[in-house]
There are 2 protein chains.
Amino acid sequence: MLDLNAMGQRARRAARALSLASTAQKNAALEALASALTERASDVLAANAIDMERARAAGTTASLLDRMLLTEARLAAIAADVRKVAQLDDPVGEQFDASVLPNGLRVHRRRVPLGVVGVIYEARPNVTVDIAALCLKSGNAAILRGGKEIMHSCAALTEIIRDALLAADLPADAMQVIDDPDRPLVEQLLRLDAYVDVIIPRGGAALHTFCREKATIPVITGGIGVCHVYVDSAADMAKVVPIVRNAKVQRPSVCNALDTVLVHRSVAHEALAAIARDLLPLHVELRADEESLAILQTAGLAGEHVVPAQASDFGTEFMALILSTRVVDGLEEALDHIARFGDHSDAIITEDRAAADQFVAAVDSAAVFVNASTRFNDGGQLGLGAEIAVSTQKLHVRGPMALRELTTYKWVVEGDGQIRP
Amino acid sequence: MLDLNAMGQRARRAARALSLASTAQKNAALEALASALTERASDVLAANAIDMERARAAGTTASLLDRMLLTEARLAAIAADVRKVAQLDDPVGEQFDASVLPNGLRVHRRRVPLGVVGVIYEARPNVTVDIAALCLKSGNAAILRGGKEIMHSCAALTEIIRDALLAADLPADAMQVIDDPDRPLVEQLLRLDAYVDVIIPRGGAALHTFCREKATIPVITGGIGVCHVYVDSAADMAKVVPIVRNAKVQRPSVCNALDTVLVHRSVAHEALAAIARDLLPLHVELRADEESLAILQTAGLAGEHVVPAQASDFGTEFMALILSTRVVDGLEEALDHIARFGDHSDAIITEDRAAADQFVAAVDSAAVFVNASTRFNDGGQLGLGAEIAVSTQKLHVRGPMALRELTTYKWVVEGDGQIRP
């Protein structure tokens, strides 16, 4: 069995070197990685073929097989993403909150890498490279543990990543993979607090709960959430359908996709009828509370894809072409509903500035939107260039976790012999 | 037994109201609290007397009894600290990283309270008020659990705190205390992730380890650390003794007090002799490595308070008038030593700019000092006005945790109907 303690020690040592690497050196490693992904594609595809064959033999579903599959085109896309990361600003070394204290001490906070990041993910080999690129650029070492279904793919990719580090005169041990499917190794990683500074799980709710339960290291969880759009009495109806459609239909399997529409009673008829006319032909199932169901029936829109909502249809992340709808008394009731079920991405559609301000102030979610689709809660869309995860917890990072969020800071205090009185 | 789940629900509801309170309203509650600490002193002192009597009967040590004791003067000092918190800037609502994206979306991040803070502390009743004041000002609800030795004092103080909240039209449930000494309640608090956003333990290493092991909620640990001063070959000798004395002697029982001096070989004789001549009369015990012991003996300074260092004397937080000393080859060896044992407060004494820069870049501790005492790693000293803890972990906050560090942020995205392409 792998010696995780030794891996941790090596990662810690490598992290120290990586934290001092120049931006140019880190970018050189990223460029070497991007090139090798194309040049050594056949090695990776051969390893991936082994994973695919085993998965097929084990009766893996078509959608999971597709997520596992690497092709030359996919590797080229991954390489392009690596080059994009090379172009992003390096957050390490940024100084902020600089001041000179009355006693003459010159103080600032300086951004430094987190150190060693442990990432646990599922059967998506591309995540190996995504994470390595972001960790490398932000000066962090990483210990990766991909799903056991993609062990061979991960090992082949990690070999390329380690060679790219060496090519830039950086320590290969900055990127290590746990290429042993033994499950207790995951628990060991979660307790490696002597060497690992943060755990980032990328997967479903069960993985997140498992990490929170078992880890003695801080865990950043996210990527899961129930998203709401509230259609206010002062909504511009021309904005309602495009936003709801975009948020629900464009990519229903992701965490910032819409789950529930709340509609102010005064505009419920118009809004719900418009939404239903737009979404039903797109194969969206509507799960309507009693009042919205009655409205849809009155509007002649009650077909087999319009069903009564159960209590559990509120507060559920559907990840599918399903939308729950509810009529509310007004903004206060919408806020209560979102306070109960939301924490990820929630939007109001309104032309009333006061209502928008109240919504923005009161909704305590990672991202709050006014007249825009919830799908914008994404590192690339919000101008951060990339993301390793979308956090829904409060500590350290909320929403997209990009390069800056992969750093911490230290205090730097410079004096001329000052002592504390 | 207390129903922690119900407490959590009440705290969450109160947190929602508190997050929307104005600065004036929060300051009014702080002022009411400060006044009541004086006006209702007799209630608090009566409760404290019960705790003191039981502790004395149980044979509690004098130093612990002193930490437990409240007096009119101490209550007045606590009230003064509460008024200081009222004067600090309110971080809630601050906006940063504002931008307009190419698609016209107006984006910013906005500071909001963390939500519900769980604090576990030991037999120091004043901590109850310190924490309540900082949480209140930063818009956070709190669930407090003080040491069982001070249950009555905590309960009396919490009653005053809750009345002050009500006086300012804020929900009393924003501050709740677990006034039941039952130990399993602590474990329940650590697993109350449905309602509590962060756990802050204030106590010794055993408490911190317990919290990390048991919590399913993010824990902010700190307040423990081995601090170093490295005397470089280019040190100004006139700065060495004052800084070492201040860092070691001024308050040896706190986390930013000095534990180990590392001395460059080229100045070892002069520096160690000067340090020993200064500290030995102040009853500091020196635990010297072989080379520094020989130097001290040569200088005629080897008395009963100069002893050979054991391996365990490096990497130990002494919390007492003990200092370990070691001669090093140079900066690199000092950096290796600090990388192995340091993470809290580490200083270099040098007039060599390049050496100082290298030290600052390479030392990965919460605070790094050049020509200044490690004792400045403190919220008050670094200009933050106050602190709830000094963090040595990487996530969210490093060094002093003050008002701003008791907040998180949310993304606010405002548009005119934008959808994701």
Side-chain angles (χ1 to χ4, degrees), chain A residues 16 19-20 99 101 105 107 110 112 114-115 193 197-198 212-213 216 218-220 236 238-239 242-243 245-247 250 339 356 360-373 375-377 381-383 393-396 398-399 408-420, chain B residues 16 19-20 99 101 105 107 110 112 114-115 193 197-198 212-213 216 218-220 236 238-239 242-243 245-247 250 339 356 360-373 375-377 381-383 393-396 398-399 408-420:
Chain A
R16 210 178 140 200
S19 76
L20 296 171
S99 67
L101 301 182
L105 283 177
V107 177
R110 187 179 297 189
V112 296
L114 285 169
D193 49 44
D197 296 289
V198 57
R212 266 199 303 268
E213 291 281 336
T216 57
V219 178
I220 292 186
D236 173 357
K239 291 173 184 153
I243 288 175
R245 184 201 308 146
N246 185 255
Q250 196 217 20
V360 166
V363 171
D364 189 22
S365 298
V368 187
F369 297 87
V370 178
N371 295 327
S373 168
R375 292 275 294 115
F376 286 109
N377 188 359
Q381 296 296 318
L382 291 176
Q393 68 173 37
K394 304 281 188 79
L395 236 57
H396 187 73
R398 238 174 155 197
T408 181
Y409 61 88
K410 62 185 173 193
W411 288 84
V412 177
V413 183
E414 299 179 283
D416 313 295
Q418 279 86 344
I419 60 171
R420 187 161 163 183
Chain B
R16 211 177 140 199
S19 75
L20 296 171
S99 68
L101 301 181
L105 283 176
V107 177
R110 188 179 298 189
V112 297
L114 285 169
D193 51 44
D197 296 290
V198 58
R212 267 200 302 267
E213 290 281 335
T216 57
V219 178
I220 291 186
D236 174 356
K239 292 172 184 154
I243 288 175
R245 185 202 307 146
N246 184 254
Q250 197 218 21
V360 166
V363 170
D364 189 23
S365 298
V368 187
F369 297 86
V370 177
N371 295 329
S373 169
R375 292 275 295 116
F376 287 109
N377 188 359
Q381 295 297 319
L382 291 176
Q393 68 172 36
K394 305 280 189 80
L395 236 58
H396 188 72
R398 237 175 155 195
T408 182
Y409 60 88
K410 61 185 173 193
W411 288 84
V412 177
V413 183
E414 300 180 282
D416 314 294
Q418 280 86 343
I419 59 170
R420 185 160 164 185

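Chain letters run A, B, ... following the sequence lines, proteins first, then strands; residues in each count from 1.
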Options A/P218, A/S373, A/A366, ranked by heavy-atom pairs under 4.5 Å with chain B, top entry
A/A366
Closest non-hydrogen atom pair between B/F376 and B/L382, with its separation:
O-CG, 3.2 Å
Tell me, for B/K239 versus chain A, whether the close heavy atoms (under 4.5 Å) come from the side chain, the backbone, both or neither.
side chain
Heavy-atom proximity to chain B below 4.5 Å, by part of A/L101:
side chain
Sub-4.5 Å side-chain heavy-atom contact between B/R398 and B/D364
yes
At a heavy-atom separation under 4.5 Å, does B/T216 approach chain A through its side chain, its backbone, both, or neither?
both
Chain B: which of A/D416, A/V112, A/V198 shares the most heavy-atom pairs with it under 4.5 Å?
A/D416
Locate the shortest heavy-atom distance separating A/L114 from A/D197; write the atom from each residue and the value.
O-OD2, 3.2 Å
In terms of heavy-atom pairs under 4.5 Å with chain A, which of B/I220, B/L395, B/D193 leads?
B/L395
With a 4.5 angstrom heavy-atom cut-off, which part of B/S99 approaches chain A: side chain, backbone, both or neither?
neither
Between B/R245 and chain A, which part of the residue has a heavy atom less than 4.5 Å away: side chain, backbone, both or neither?
neither
Apply side chain to side chain contact (heavy atoms under 4.5 Å, CB included) to A/F369 and A/N377, showing your working.
CA-CA 9 Å; A/F369 297 87; A/N377 188 359; 3.9 Å; yes
Where is the tightest heavy-atom contact between B/Q381 and B/R375, given as atom of each residue plus distance?
CG-O, 4.4 Å
Only pairs of heavy atoms separated by less than 4.5 Å count here; which of B/N246, B/V370, B/V107, B/T408 has the most with chain A?
B/N246
Of the backbone (N, CA, C, O) and the side chain (C-beta and beyond), which part of B/E414 lies under 4.5 Å from a heavy atom of chain A, both, or neither?
both
Identify which part of B/R16 has an atom lying under 4.5 Å from any heavy atom of chain A, answering side chain, backbone, both or neither.
side chain
Measure distances from B/L105 to the heavy atoms of chain A and classify the residue's part below 4.5 Å as side chain, backbone, both or neither.
side chain
Toward chain A, the part of B/I243 with a non-hydrogen atom under 4.5 Å
both
Winner by heavy-atom pair count (cut-off under 4.5 Å) against chain A, out of B/Q393, B/K394, B/E213
B/K394
Tell me if a side-chain donor or acceptor on A/K410 pairs with a main-chain N or O of B/G399 at a distance below 3.5 Å.
no
What option among A/V360, A/V219, A/L20 has the most heavy-atom pairs under 4.5 Å with chain B?
A/V360
Counting only heavy atoms closer than 4.5 Å, note whether B/A361 contacts chain A via side chain, backbone, both or neither.
both
Where on A/Q250 is there a heavy atom nearer than 4.5 Å to chain B: the side chain, the backbone, both, or neither?
side chain
